[in-house]
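Note sheet for the following structure.
Ligands are counted one by one from 1 in listed order, and the atoms in each one are counted from 1 as well.
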Amino acid sequence: MFKEARIKLTAWYLAIIMVVSLSFSFAIYVGVNRELRRIENFQKDRIQRLIRGNPLLPSLPFDEDMDAISESRKRIILNLALINISIFVFSGLGGYFLAGQTLDPIKKMVDEQKEFVSNASHELRTPLTSLMTEIEVALRDKKINLKTAKNLLSSNLEEVKKMNKLSNYLLKLNKFGTKDNDQFQSEFEEVDLGKVALEAIDKITPLATKRGIKIIEDLKSIKVKGSSESLTELALILLDNAIKYSKKSGKVEVKTKDSSLIVSDHGIGISEEDLPHIFDRFYRADTSRSKDGVDGYGLGLSIAKSIADLHGAKIKVDSKEGLGTTFSVVF
Ligand code: ADP
C-alpha cells in the first residue's frame, strides 16, 4: 500500500515540476525565437537595402546568415530538451526519495496502530478464553450444585473486571493520547498539586490498606495550570504502581516540591534495561515477575506520559533494582 502511495506521490511531484519546467522552456523558446526572427528580418532588410543601392553587387552570403540562425534555433530546442530530460530524471529520483521521507512518519504511525490493536486484542482474548472455557465446562456438568455455580460466577466476575479495567485503560489512552494540545490547554485552570495528590491518596487508600502499605505525605500547595481531573488520574497511576510494586507492609511517599509531584516507593525497582521502555504501550518489565500476582497491562505509564505531555510536564524516573523507584512529574 505504501509502495503504491510512494509511486503516486512521486508522479505528482514529477508532474508539478515538469509542468513548471516545460512552461519555462516554452516561454524561453518563444522569447528567443522572437529575437531570432527580429535579427532575421533586420538582416533581410539590410541586404535588400544594399542590393537596391548597388545592383552590380555580387551575391551576398545571405543564405549563410539564415542557416546560422536556423541552426541556433535547433540548438536552443535541443538544449531545452536536454535540460528538461535531466530535470525529469533528477526530480524523479528526488521525488521518490522525498515521497519516502513524507510517508515514513505515516507508515510508522500505521504500524504502531496495528501493533496496538493486535496487543489490545491479545489482552482481551485471554480473559475471554478463560470465561468461555469455564462456562462451557460448567454447562456440560449436569449435576452442578449451587456452591460450584457461585464459585464459577465469582471467577467469571474476576475476568469481567479485568476486561473492564482494560477497556477503561484503552478509553483513557484514546482520550489523552489523541487530544489536541491547543484544545485541551484552552480548558486549563489553576490547579493545586497538593490537593490533586490528596484526592489521589484518598482514592487509593483502600488498596494501600489492603496491602498493608503506609502512605506518607509531605504536601505543599503548589499552583500549576492544568486539568485537575487528568492530573488526579496521573497521580493515581503513579500511586497505584508504587503500591503494586512495593513489598507488603512497605511505605510509599508522596511529596510536592518546586513545581513537582514526587511519588517514591521502596519496592522491587526497575532494571536498567527496562527503564527506557516503561512508557511504551503494553510494556511490562520482566513479565514473569511482574505478572506474578500483580495485575496490569503495561498501559498506566503510557497514559501518565500522555497526560504529562498535554501539560507540558516531564516525568522523570529514578530507580534501583531491589531498592525502589521515584517518579517525579516536573511542571
Ligand atoms: P502496569 O499495568 O504493568 O503496571 P505501567 O505502564 O503502569 O503498567 O508500568 C509499566 C511497567 O513499569 C510495569 O509493568 C513495571 O514493570 C514497571 N513499573 C512501573 N512503576 C513501577 C514501580 N513503582 N516500581 C517498579 N516497577 C514499576
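Within the structure, ligand 1 has G269 among the residues with a heavy atom less than 4.0 angstrom away.
Proximity to I278 (heavy-atom distance under 4.0 Å) selects the following atoms of ligand 1: 10 (C), 12 (O). For ligand 1, the atoms closer than 4.0 angstrom to any heavy atom of Y297 are 2 (O). The distance from ligand 1 to the heavy atoms of K244 drops below 4.0 Å at these ligand atoms: 1 (P), 2 (O), 4 (O). Proximity to A285 (heavy-atom distance under 4.0 Å) selects the following atoms of ligand 1: 14 (O), 16 (O).
Between Y169 and ligand 1, no pair of N/O atoms sits closer than 3.5 Å. Considering backbone and side-chain atoms alike, G300 places an N or O below 3.5 Å from some N or O of ligand 1. Of the polar atoms of G296, none of the N or O atoms is found under 3.5 Å from an N or O of ligand 1, judged by distance alone.
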Residues F188, H311; criterion ring-ring contact (aromatic ring centres under 6.0 Å, His included); working and verdict: CA-CA 9 Å; F188 276 6; H311 284 81; 4.7 Å; yes
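No part of I237 comes within 4.0 Å of ligand 1, judged by heavy-atom distances.
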Scan the side chains in residues 97-109 for donor-acceptor partners under 3.5 Å anywhere in the protein, sequence neighbours excluded, and list what turns up.
unit_1 : atom_1 : unit_2 : atom_2 : d
T102   : OG1    : Y13    : OH     : 3.3
T102   : OG1    : L98    : O      : 2.7
K107   : NZ     : D111   : OD2    : 3.4

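Considering L299, D265, L301 only, the shortest heavy-atom separation from atom 23 (N) of ligand 1 involves D265. Heavy-atom proximity to atom 1 (P) of ligand 1, evaluated over F327, Y245, Y283, is greatest for Y245.
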